[in-house]
Amino acid sequence: MKWLLLKDLQILKRSPLLTALLIVYPIVLAVLIGFAVSRGPDKPRIAFVNEIEAEQASEGLDLGEGGFSQEQAFDQLCERVECVDAADRDEAITMVEDGEVLGALILPEDFLDDLTDQIGGVGLDAATVEVYVNEDDPVKARLVDDRITALLTEANLRLSEEISAQLLGYLDILVEGGEFEIPLLGQTIEVLGLERTERGLEAIRGQTSGEQREVLDGVIRFAALAGQNLAFADELLGSVAEPIAVEKTVVSGDVPPLDTFAISVAIAITLMFVTTLLVAGSLALEREENTFARLTRGLVSRAGLLVEKIGLGTICSAAVALVLLGVLELFVSLDWARFPLFAAAIVLAGAAFAAMGSAIGVAAREVRASALAAFALTLPIAFLSLVPSGTVSESLFDWIRVVTGAFPFRPALDALSAGLSSSGDLGLNLFHLAILTLAYFALARVGLRRFA
Amino acid sequence: MAPKATTALQVDGVCKSYGERRALRGVSFEAARGELLAVVGPNGAGKTTLLGILAGIRDPDQGSVRANGGEIGWVPQQAALYRRLTVEENLRLFARLERAGDPDAAVEGMLAQTGLDERRGDQVSTLSGGNQQRINIAIGLLSEPAVLLLDEPSAGLDPGQRIRLWEFVAGLAEAGTTVIYSTHQIEEASHYGDRLLVLADGEALFDGSFAAMRRAAGARGAVKDPEADFVRFLTKQGH
């Protein structure tokens, strides 16, 4: 068996295309995944047009102490997206149509006026920003919608906080009294306040009697009650700015970190393609070269030949996975103290994919057909395995779990995630992979009876 | 029946069926040491099935195959070689798998015997069909078998390659190896075979020399067209 294994490695060395695929594929995949997980998503490009007159824009929105500067809002916006200046509305729309930017955000000329009127209580219409998007594919559409909705929600929240703070100031003046500047008019007036009103009325209460005192007592009670109740409004207004707070508790699902999951997906996909194709092709090649009958005529048993092919696949998959991890180490920091754990996952995943490859090779019988069959079988299974729960109906998801459980991709992915981080049950997934290895080995062994 | 002292292979009543189709119907024969036995017959006569059973690749439904000492070597119809490996690498691999006592010596011996010493470093895919067939046969000889089975060894070869191949095979027989080969080319069988075993529809119709077969077919005089004589024989036998 040792000589057969060396022979296969020798043949592999003399197949430049396959060898290049084995070396280049994991490196390219590792570099792509490495960039993706280490750099994070780029900011979406949004064209920005400000039609508000310069003078009004520099003044911003007067909300008392805090204020709402347009320049400040613009800076905040451009922290979240890459703002691309557009000369006017038409240029912005053209940029969206041409795909230069994901969307265009336009502040109309009357935006600040409408906002001021609304806050001052004199306007009925909400201040409106205009958004132009190019939803030429569903993924892009979702991305643009999510980004712009998030930005506007944040802007609304900020405005709401500023307005609430301003209203709290008004309430304090109403309760405690003090100087008050009338918005828009700029005129300052002295407000007596409910507390001082109550104290003033209490002071003159002794000078009244009969019906006058009763009326005065009523006014004093009103002033006291109003002051007490308005004090409660502080908390209420505070909660208006952020009416819903989130407290997240994970009740199930031991999720690996995103970068670990990305690395696991990269390794699982690499092992799936490289190992399955290699073993299926190698076994089919024995038939195409007419050597199968010669080998199994006493030189090596059929089971021995299968073990050799699965061994070849496992060795190559381990080497490829280590290359991939080595390149990924340049981008993300791997916990090499867990090496024995993820090495076990790599070896068993490789063995399971190799066993599946041997079954495909036996069934397809020809190298080209085996490659086609390997692609046709593994790709949909990989996609199905990545369907998260909750995105499809419960019964459909159960079926997906059953189907993907019969193939090595999902347990390989889970085992790799568990091996690279402390998420999931490594032992259970390794056991699953071992069972699949034996099952596919048995399937291939039965198929070999009619292989020659 | 006990085999004679010079009998290398004895076949008794071998039958084989594939479903309803009977590929072999009680075929019996013997082959002596150093004999060149040609198994001839039209396509579908059962030649490859018979050689497969003799080689141990297929099991007979009935009957037995006995080799009188030594192994049975088998050379498939199409070259069973790794085309990306060199001549030497192929020979060394199979020598090791055959557990030859000294694989290197076995390789050198086969390279000398096949006359391909100068091509030892060439990948098999670059060799001509005739040279590939030589390597194919050489691998069958690595176990130093007493009986060598060749399944249509000259198929696909040009006339020059055929002549060189048969000279090589004749040399093996002269050295004491019993060679049993299948062919549907009666001229080759008559020229290079010591004996003919004629198969048709899985039945052994004749076992003897080419001259005896001609006589059985009613042919007289010098051999002008062996193919015509063979067809006449089959027709006379009802095939």
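Order of the sequence lines sets the chain letters (A, B, ...), proteins ahead of strands, with each chain counted from 1.
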Is any side-chain heavy atom of A/Glu286 closer than 4.5 Å to a side-chain heavy atom of B/Tyr82?
yes
Where on [X] is there a heavy atom nearer than 4.5 Å to chain A: the side chain, the backbone, both, or neither?
| X | value |
| --- | --- |
| B/Gln77 | neither |
| B/Ala79 | backbone |
| B/Thr86 | both |
| B/Asn136 | both |

Residues A/Asn290 and B/Arg83: closest non-hydrogen pair is ND2-NH2, 4.4 Å
Work out which heavy atom in B/Arg84 is nearest to a heavy atom in A/Arg14; give both atom names and the distance.
O-NH1, 3.0 Å
Among B/Ile139, B/Ile57, B/Leu97, exactly one meets side chain to side chain contact (heavy atoms under 4.5 Å, CB included) together with A/Arg294. Which residue is that?
B/Ile139
Within a radius of less than 6.0 Å around CD of B/Glu187, do more than 12 heavy atoms belonging to other residues, nucleotides or ligands occur?
no
What do you reckon, is CG of A/Leu17 surrounded by more than 12 foreign heavy atoms closer than 6.0 Å?
no
Go through it in stages, so that I can follow the logic: the residues are A/Glu289 and B/Leu81, the test is side chain to side chain contact (heavy atoms under 4.5 Å, CB included), and I'd like the CA-CA distance, side-chain angles, deciding distance and then a yes or no.
CA-CA 6 Å; A/Glu289 303 267 52; B/Leu81 304 166; over 6 Å; no
Residue among A/Leu285, A/Ile11, A/Thr291, A/Leu6 with most heavy-atom pairs under 4.5 Å to chain B
A/Thr291
Which region of A/Arg297, side chain (C-beta onward) or backbone (N, CA, C, O), has a non-hydrogen atom less than 4.5 Å from a non-hydrogen atom of chain B, or is it both or neither?
side chain
Examine whether an atom of A/Leu295 lies under 4.5 Å from a heavy atom of chain B, and if so say whether it belongs to the side chain, the backbone or both; otherwise answer neither.
side chain
